[in-house]
Amino acid sequence: AMKLILALIVAVSLTACGNKNPDEKVSTKIKGWKDGGFGLVALVNFAIDNQTSAPIKDVEVRCGGYSESGSRIDENNRTIYKVVQPGQKIRLNEFNMGFIHSQVQRMACRTVDYKTV
């Protein structure tokens, strides 16, 4: 009975998540970054490109920090509270992605979620 309940929970979770990658239609491309706040926070430049047929808002972005050796050592999520029209690309400069590990050398960002207006 316990295995059946666990299997149902997993199946419902996977169905609820869907199989679409939000970054396919609403992409987040990093254009550079620097550390700020005495090296404690990541200030990221990126572009959000809406290739859907509807206006979107509240784009959730995840940025991962990687060490010199290539290991992922940090991760932050932030929501961009802006409206992006269909076919529009917006740029955000020095957007504060929060605290970062002191050994982060490289950042990568992607869209995690968004809402239609």
Side-chain angles (χ1 to χ4, degrees):
M2 188 61 157
K3 287 181 183 178
L4 177 59
I5 292 170
L6 184 58
L8 287 172
I9 290 171
V10 171
V12 169
S13 297
L14 291 174
T15 304
C17 292
N19 58 3
K20 275 215 173 274
N21 177 358
D23 202 46
E24 288 176 1
K25 292 284 189 176
V26 179
S27 63
T28 300
K29 303 286 187 230
I30 191 165
K31 303 292 184 182
W33 74 283
K34 66 180 184 179
D35 56 1
F38 303 103
L40 299 175
V41 296
L43 301 174
V44 182
N45 302 322
F46 53 83
I48 297 174
D49 188 6
N50 178 8
Q51 292 303 312
T52 70
S53 58
I56 60 166
K57 67 177 185 172
D58 302 348
V59 178
E60 186 180 347
V61 175
R62 177 176 296 147
C63 291
Y66 295 84
S67 68
E68 181 181 325
S69 67
S71 297
R72 185 181 192 129
I73 57 174
D74 208 330
E75 181 177 285
N76 292 324
N77 284 21
R78 291 289 183 271
T79 301
I80 313 303
Y81 295 103
K82 292 186 174 281
V83 175
V84 185
Q85 298 299 323
Q88 182 184 24
K89 183 186 288 188
I90 63 168
R91 276 190 68 105
L92 293 128
N93 294 315
E94 296 189 6
F95 186 83
N96 185 337
M97 283 301 295
F99 292 107
I100 58 169
H101 191 283
S102 62
Q103 294 185 61
V104 168
Q105 297 291 312
R106 186 175 59 85
M107 296 283 287
C109 300
R110 71 179 197 86
T111 304
V112 178
D113 199 9
Y114 60 88
K115 296 178 178 118
T116 54
V117 175

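From a predicted model like this one, the values you see are computed outputs, not experimental measurements. All values below come from the heavy atoms of this structure, side chains included, with hydrogens, waters and symmetry mates left out.
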Can you tell me how far [atom2] of [Y] sits from [atom1] of [X], rounded to the nearest 0.5 angstrom?
X      : Y      : atom1 : atom2 : answer
Asn45  : Met107 : CG    : CE    : 11.0 Å
Arg110 : Asp23  : CZ    : CG    : 6.5 Å
Phe99  : Asn76  : CZ    : CG    : 9.5 Å

_Suppose we screen for salt bridge (Lys or Arg N to Asp or Glu O under 4.0 Å). Which residues come up paired with Arg91, at least two apart in sequence or across chains?_
none
With sequence neighbours excluded, residues passing side-chain contact (heavy atoms from CB on, under 4.5 Å) with [X]:
X      : value
Tyr66  : Arg72, Arg106, Ala108
Ser102 : none
Gln105 : Glu68

*Check whether any side-chain heavy atom of Leu43 lies under 4.5 Å from a side-chain heavy atom of Asn96, and answer yes or no.*
yes
Sequence neighbours left out, cut at 3.5 Å: what donor-acceptor pairs do the side chains of residues 50-63 make with other protein atoms?
unit_1: Asn50; atom_1: OD1; unit_2: Thr52; atom_2: N; d: 2.9
unit_1: Asn50; atom_1: OD1; unit_2: Thr52; atom_2: OG1; d: 2.6
unit_1: Asn50; atom_1: ND2; unit_2: Ala54; atom_2: O; d: 3.0
unit_1: Asn50; atom_1: ND2; unit_2: Val84; atom_2: O; d: 2.9
unit_1: Asn50; atom_1: ND2; unit_2: Gln85; atom_2: O; d: 3.2
unit_1: Gln51; atom_1: NE2; unit_2: Asp49; atom_2: OD1; d: 2.8
unit_1: Gln51; atom_1: NE2; unit_2: Asp49; atom_2: OD2; d: 3.4
unit_1: Thr52; atom_1: OG1; unit_2: Ala54; atom_2: N; d: 3.3
unit_1: Thr52; atom_1: OG1; unit_2: Ala54; atom_2: O; d: 2.8
unit_1: Glu60; atom_1: OE2; unit_2: Asn77; atom_2: ND2; d: 2.8
unit_1: Arg62; atom_1: NE; unit_2: Asn77; atom_2: OD1; d: 3.0

Using every non-hydrogen atom in the two residues, find where [X] and [Y] come nearest and quote the distance to one decimal.
X      : Y     : result
Val104 : Gly65 : CG1-CA, 3.8 Å
Ile48  : Val26 : CG2-CG1, 3.9 Å
Ile90  : Lys82 : CD1-CD, 3.9 Å

Name the atoms and distances for all side-chain donor-acceptor pairs under 3.5 Å in residues 27-36, with sequence neighbours left out.
unit_1: Thr28; atom_1: OG1; unit_2: Thr111; atom_2: OG1; d: 2.6
unit_1: Lys34; atom_1: NZ; unit_2: Glu94; atom_2: OE2; d: 3.0

*Do Ile73 and Met97 belong together in a cluster built from hydrophobic side chains that touch within less than 4.5 Å?*
yes
*Say whether Ile100 and Leu92 are linked into one hydrophobic cluster, either directly or through other cluster members, by side-chain heavy-atom distances under 4.5 angstrom.*
yes
